[in-house]
Every structure is written in C-alpha cells, then in structure tokens.
Student: 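Could you have a look at this structure, given as structure tokens, before my questions?
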Amino acid sequence: MGISRPALVTTAALAVAVLLAPVPAIAGPTAAAGPDTPGASGGTGPQRERGGADSALAKAPFSATANAPTQQPHSLAKDRAYPRRTVLKTPPVNEADKSIKLGLVPYHSIAPRLNALQLLGDRVSVEVAGTSASGRQLYLVTVTEPESAGKVRDQERMRERIENSPAAAVRDKEIKSSYKTPVFINNNIHGNEWEGTDAALKLIEELAKAKDSKTRDLLSKNRVYLNVTANPDGRVAGTRANANGFDLNRDFVTASQPESRAIRRIAIDKQPAVMLDLHGYVNGTLIEPTTPPHGENYEYDLFLKNSYANALGMEKAVNGLGYTAEKDGVRPVEIPFRDQTEGWDDWPPIFTPQYMPFQGAVASHTIEFPMRVNNASYDSLPVAELRRRSAINTDIAGAAMRATLQYTHAHRSRVIADQIETFRRGAAGEAQRPVSEETVPGVPGIGPEDVYTTTFPRAYVVPAGRGQRSAAGAARLVDHLIANDVRVERATRSFALGGKRYPAGSYVVDMHQPKRGIANVMLAEGRDISADVSAMYDISGWSLGLLWGATVDKVKRGELQVSSRPANAAAPVGSVAPKGDLRLRLDDPKELAALNTLLSQDVAVRRTADGAAIVPGSARKKAAVLADRFGVVFSSAKERGTVPLKRTRVAAAVTAGEQFALREMGFDVVPVSTAILNAGFDWADADVLIVSTGLSYAGLTPAAQDAFRASGAGVVGLGADGAAFSDAAGLIQATAVEGNGDANGVVRVKNAGGVITGGAPKHTFVYSPVWFTGLGSGVRVEQLYSGGNPLVSGHWRATAGGTGGPADAAGKPSVVSGVSAEGVPVALFGTEPLFRGHPKGAFAQIGRALLNG
C-alpha cells in the first residue's frame, strides 16, 4: 500500500494533464461563410437511401471481414467487479480527422482520455464493446459507484429476474431497494454529428471527480453506460455513414453492420431503462417523443409517460442554458409529440431509440442539436464559427444528459416498475393499453391519432422440412431472432397447431414472452398506414417473416402443446446428396455465395431452365464444405442443365447497401460511376453492369459510350435510374412509370418463373416504386405487381395529382427482361430487392439476373 500511493498520485496527475490537453488547432478556411445561417434547420425531412453523398454511390470496396454478415461484437463482461480498468491501445495520430477542425476530440485522442479517466477515482470503467466496419474499437464506459464481484452478480441476477420472471420481480423488495437503474447514452452514430462524444467525455470526467453527496447517491443507485462514439469511421471521415457506407441509424431491424450488432449486445446485456441517442442538426433542439404514427408493438402508455416527462426536463435544462435565437442563433426546444403534427414518427424500429423499447427502455430519445456544422457548413464556414457552434451543441448535449440522469434518479422506482410491467405484459400475453389522457395522465394533447396498437398472435411457427421454402432462409431468421433475445423453441416431436401439422425440428415462437414486441416487429407482415398520415420520416413497411426467404406461419390463437426445447441457435441445415450430380436452387443469397465460390474454383456448373445450378458429382467434396459453411442444400439432380455458368464480374453503380448485398452473394464487384467510365474504365474487368444510381448514359462521353457498347456487358437496371440508363442507351423497349417517390413497403407480386424469378417469394420491397409499360417485341415480363392493392405494409399513396399510387401499379410488370439489338442481356427492376441489404429473400433475383448477363 505504501509504495503504490505515490505512483497513483503521479498517474492521476498525468491523467489530469491528458484530460486538459487542448485539441490541436488548424488553419481555418479563408472563404466567407456560406448561405447556412445559425438558425438554419436541417434533418427534418426523410433521409432517403439515395439522398446524400454518403449513400449515393459506394466508391470503394471493403474487406471480406468487414462484410461478413455473421461477424459478432465483443462479449461484454458480466461478473467482474467495478471498476474495470482496461488499458486501451492508442490509435495512431490522424491529423486528417474531421473532428479537429471543429475543436472536438479526434478519435485517436479518445483512448488516452479514457485511460486517464479511469485513473481519476473508482467510478469509471471501460470495455471494448466491438469494432467498426474498418476495425476501430467501440468504447463502452460504465460510470457507477464501486461494486464487488458479488454485488455485480447480484445486479445481474436482479436484471435477469426483471426480464425473465417479471411477475415475481414486481414483488421483489431487493429490486425495489437495490437494483441500479441502467441508463444508456449512445453518441455519434452518425459520424458527422459529432458533439455527443465530447459531451459524454465531459460528463464522465464530472462524475469521476465529483465529491458531493448528490453524485454519490446518483451513482449508488444507477449505472450510466456511454457508447462514446458509435461510428468512429464516420467521425474520422466526417461522413454520416460507416466505412461500409451504411447509415447505422437505419440498421436495427437487420443489424447488418458490426457497430449495430455491438449496440444490440449492449441493449440486451445491460437492459437500459432510459436511453439517449445524440444527433444533429435541427434548430431548435429536437427532443423526442415523436409525432404519429407510433410503433404499434410498443407498450406505448408506459413509454410515453416516461419519455414525455423526461423530455420536459431536458427542455428545461437546455432552454435554461440561456442561448437565444437573437444572440446565438439557437431557437427554443421542440418536442415533436407536443409541437408537430406528423413527419417525425417512431413507427419503424430501424432507429436506435425506436429499437430500445423492445429491449426494456421505457424512455428513449433522439436528441438533435441545433447548430449545423456538417456537410456544406463544414466546408464553407470559418473555423471560429464552426467551433462556436460545436461548443453550443456540446453544451446542449451535456444538459440533456444531466437532465436525463436527474429524471431517472428522481423517478427510479417508477422507471424500474414500468420496465418490469413491459416484460410482465408480454410474458402474460396481455392486451396493450391504448394511450389516452386517462391511461397516461400528465401528457396533454393525446388524441385518437396517437392510438396505435396491435393484436399479438398466439405464436409463430417456422416449419421444418418440405413446408419450408428455404432451409438457409429459415436458419438465418431463427438465428436473427435469437440474436435479438427472442425466445425460440425447437419441437422434439411432430405437433399440430393452428389447424396444421408440423414435423419435429420446426421452430415455435411463443408470443407469451417478455420481448414479444421485437418478435412481432420482425415476424408480422406489418400494416398499411397509407390512410393514417400524409408524411413519414423513413421506411414504413418491413417484414422479415415475408422478406427473409423463410416460410413463417402465424397462429392467431390456441393452446401450445408442443414438446420442445429452447433453441440457442438454428440447427445445421446444409446437406449434400450422396451420389450423382447435384442441384443448388439459387433462391437464397447463401446459395448464390456457394455457387460463386464453386465458380471461383473452376467447377463446371450449368444452369437449368428455371435458374437453378447443376453441380457435377465430381465436386461433391467441395460442395460438402460449402454446405457446411453456408447452410445450403445440394440435392440430387434429375436434369443436366443447359447453359454453362461462369464467374461474373460486376461493374456496379449502386448504393452502399446494394453493393454490400452483391458482395454477400459472392460477386466480384468493381464500383463505377459516370466519372469513372469517362476516365477510361477497362471493361475487361467486368462481365455485367448493374445501375441504380450515379451513372447516366447521356453523361458519358462518346468514347465511354463506345467502350461500353464494345464490351458486350449485360445490364441490370434498378429503379428509375436503372431504367433511364437502358432507355438512353436504347437497349430494350420498356417505358418506366414512376410511382409516388415517397412510397415504400412490402408488396405482393406474381412471378413468371424462369431464370430470374424462378423460386422467388410472393413478396418483395419497393421504395419509390416503378412499373413498366409499352414493352417492345421480345421483352419478357418476369414479375407483376399483384392486382387490387399490392401493398401489404408500408405507406404508398397517390400523388396530389391522383397518380402514382398502388392502384396504378396493380397488375403492371415490376420486372422485365430482354436482349438488345446488339445481343446484350438486359433486366430491369421496378422494385428494390437489395434495399439497405434488407429483403434477403429477394436478393437472389438480382443474383440470377447478373448470372444471366
């Protein structure tokens, strides 16, 4: 003890020196301020998949490791004492870090600051929660009063009881007296919305150093978890997206990115009752809860009660800072639920705060700082002005954080009780309570427009055997449910349910479970809300039950009498027929990945008339490896196949999500654009061109047009831009009709079968839907929108002029194909089968079209 104290004092002094070290200054731009004004609002409109520099075109390839869809975040320790001293490795200094210009903390300075903060006392612990797409570490900080390993185990036991035995937890006196309320603060998920990180570091330091009794009491009864920067790649690069080009705050249904999976792990392991997600930039400061429509799977009465009350506290704290529109350009706080009618909704659980209630949060908020410093403002405003704005944003973020801690501490018993009640209702299978001024007292202005509820089914069944359209798709869905902490059972014997008979090995999701909300979010078909509101913030329809390639049956009512055991993962489904040639269906992205691997190994594969692949029996050993790796089935072939398949190299002018999906299917992808083709692209590197954005045939130079035509490359066009490329190039005769550009959702379709849509599901996804008319001779209809109203779930209205609605699309071709006069195969899609890497059951249509090219 005697010899350690001087060293501790020296280290602490060093820690303070690191914390006080200034951010490096840089020379400011000489250009005058642009048109952006201090009071300018931003971010209130929908962030469209093709809107903005980050998502318009994926310009650079990313590594196979970053792309791996099964990549898991680091495990978070559950049984170690607090504090947990972790010495973080300091990244190399990067003078190009975009944070520096704003006077904010660059990524390479975060680790040394956290190392120093851990030495300021015994309240701060740091763990590595995961890594970003490019391999940067995600730092999870826990601030709490010290806990022995035994106390940590006690907290974990109580956390488990709250979730898994909520009826007993209601009466648990130890939980009422001793459970530490978990608060989660997520920062910088959009990389060019920086200031939450800096406010978090300041808050951590304040809590670490404070000696007052209020702080001690706060940290004795609460744990504060801070994801310091959720998107370090974007923070460094000054981009909204991560290094894979994904908007992480659109990724919480699919969790395709490692950063999203890390946040999901935090949500499940820490089970936050209150959560903040720090963003920018909307002036005045925007603090949720939101406008209608409200997610129909929430226990919204419990959520609104806490979220609105906490929002009022944050509003008071932010407005109390004294910033004004006249003096500083800062307008007063807006709470959308109170101050807006529609257009800022919490309908889709793709956003972090909209996902968190399904993991137990009874208050979660997006906070939008007021002062824009990104995009054009970053490039045009003087450094002094940018830093003034960033300082205001950091101050406001800190005020919101402190107010949230105060609310949680003051209402600790109610917050915990409401989290328990959320789980209790799910486990008991009780009906939701519609919000009203009676069920949510103290929240003014609740009306019928705020009531969104659903009727939960009794169960869902994912059949095994012949009742399953894709074994790989079913396994993927089951694993995803389990990864989201949904309880899934696997039947040990055959059973009858909902009037159907199911074989042993089928999966059952009993909807009497604590987290029924997230189960229903993923498995239900969703709801058509077109008539409910005129405007939506982002996507309005999704359904993994319909779009992930699996057969999913809904059981509305009945008793579950199924002999089963809990499933911790989907059972292996890959297999290879014992003799003869082999048939691979190519209905699933994993089957495409297996095929592309075989083709890269020079296996002679042939295609059948319905688009399947025939693999020679001589490649059985290679097929066995791939069956195990991808979980695909190589069945016995009864036909020989007619068309040889070859390794297809793809030139892609597509979104980041589409590029990600192409690589997931194992295609060699070379990003291209109008500029790249005009610069002299070598078409020897590509067999087929896929176009959805960033490429205009009319914008190509005559030399670039000639080079494209001489290449003989096939063409796959997605959406209006893909169809426009084909039309301008005169490839096939098909007139693209654009529907309402704001429309999106899950739609019913009819497939013609054959090479492109053979084996395709009866549902797909649309976003700014397109259909085709005026088809020329030889143009084949591959898929049609269903008659009547093809929209299953989502938001699709006619335009103000009365056109562009689902009635106009009904029965019209959604996918067409043909061959140009020069012999070039062409396929045009009016749907979005690769949207954000999401509708995986539809991926194969694009894969088949590329192979056909």
Side-chain angles (χ1 to χ4, degrees), residues 16-34 36-40 42 90-114 116-117 136 139 185 187-206 226 228-240 278-283 285 318 321-323 327-330 367-402:
V16 173
V18 171
L19 293 170
L20 297 179
V23 174
I26 64 169
T30 57
D36 182 80
T37 62
T90 301
V93 172
N94 182 357
E95 297 292 350
D97 190 305
K98 297 293 187 179
S99 309
I100 297 174
K101 182 177 179 178
L102 302 173
L104 301 174
V105 178
Y107 176 74
H108 59 259
S109 294
I110 295 175
R113 289 199 177 203
L114 294 178
L117 283 165
R136 293 185 173 96
Y139 307 123
I185 301 175
N187 302 288
N188 199 201
I189 194 168
H190 288 150
N192 61 355
E193 298 166 8
W194 289 270
E195 294 92 345
T197 294
D198 297 78
L201 291 169
K202 289 185 177 183
L203 177 65
I204 295 165
E205 183 174 359
E206 289 175 13
L226 304 101
V228 178
T229 170
N231 184 0
D233 297 344
R235 184 176 187 84
V236 171
T239 58
R240 181 181 180 90
L278 285 301
H279 287 263
Y281 300 94
V282 176
N283 196 356
T285 303
V318 170
L321 294 173
Y323 296 117
K327 176 171 62 75
D328 310 290
V330 178
I367 311 295
E368 296 276 353
F369 316 136
M371 307 300 286
R372 181 171 292 283
V373 296
N374 63 1
N375 301 335
S377 299
Y378 185 95
D379 296 325
S380 64
L381 294 179
V383 167
E385 172 61 12
L386 289 172
R387 293 189 173 189
R388 182 189 76 85
R389 294 183 178 199
S390 290
I392 291 172
N393 291 335
T394 303
D395 203 13
I396 286 172
M401 293 176 184
R402 294 181 193 92

Student: Please round to the nearest 0.5 Å and tell me the distance separating atom CE of M371 and atom CG of N283.
Tutor: 6.0 Å

Student: Taking NZ, NE, NH1 and NH2 as the nitrogens, is one of them in R387 or D198 under 4.0 Å from a carboxylate oxygen of the other?
Tutor: no

Student: Do L201 and L114 have side chains that get closer than 4.5 Å, going by heavy atoms?
Tutor: yes

Student: Calculate, to the nearest 0.5 Å, the distance between atoms CG and CD belonging to L278 and E195 respectively.
Tutor: 9.5 Å

Student: I need the single residue from Y107, F369, Y378 that forms a ring-ring contact (aromatic ring centres under 6.0 Å, His included) with W194. Which is it?
Tutor: Y378

Student: Using a 3.5 Å distance criterion without hydrogens, assess whether the side chain of T394 forms a donor-acceptor pair with backbone atoms of A199.
Tutor: no

Student: Let me confirm one number: the CD1-OG1 distance from I110 to T90, rounded to the nearest 0.5 Å.
Tutor: 11.5 Å

Student: Can K202 and E206 be counted as an ion pair, charged N to O under 4.0 angstrom?
Tutor: no

Student: Taking R235 as the fixed residue, which of T229, N188, N187 is the one that meets the side chain to side chain donor-acceptor pair (under 3.5 Å) rule?
Tutor: N188

Student: Drop me the distance from I396's CD1 to E368's CD, to the nearest 0.5 angstrom.
Tutor: 12.0 Å

Student: Going by heavy atoms in the side chains, are R388 and D328 under 4.5 Å from each other?
Tutor: yes

Student: Between N375 and N192, is a side chain to side chain contact (heavy atoms under 4.5 Å, CB included) present by the stated rule, with each step listed?
Tutor: CA-CA 8 Å; N375 301 335; N192 61 355; 3.2 Å; yes

Student: To the nearest 0.5 Å, what is the distance between NE2 on H279 and CG on N393?
Tutor: 13.5 Å

Student: Do D233 and R136 sit within salt-bridge range, that is, some charged N less than 4.0 Å from a carboxylate O?
Tutor: yes

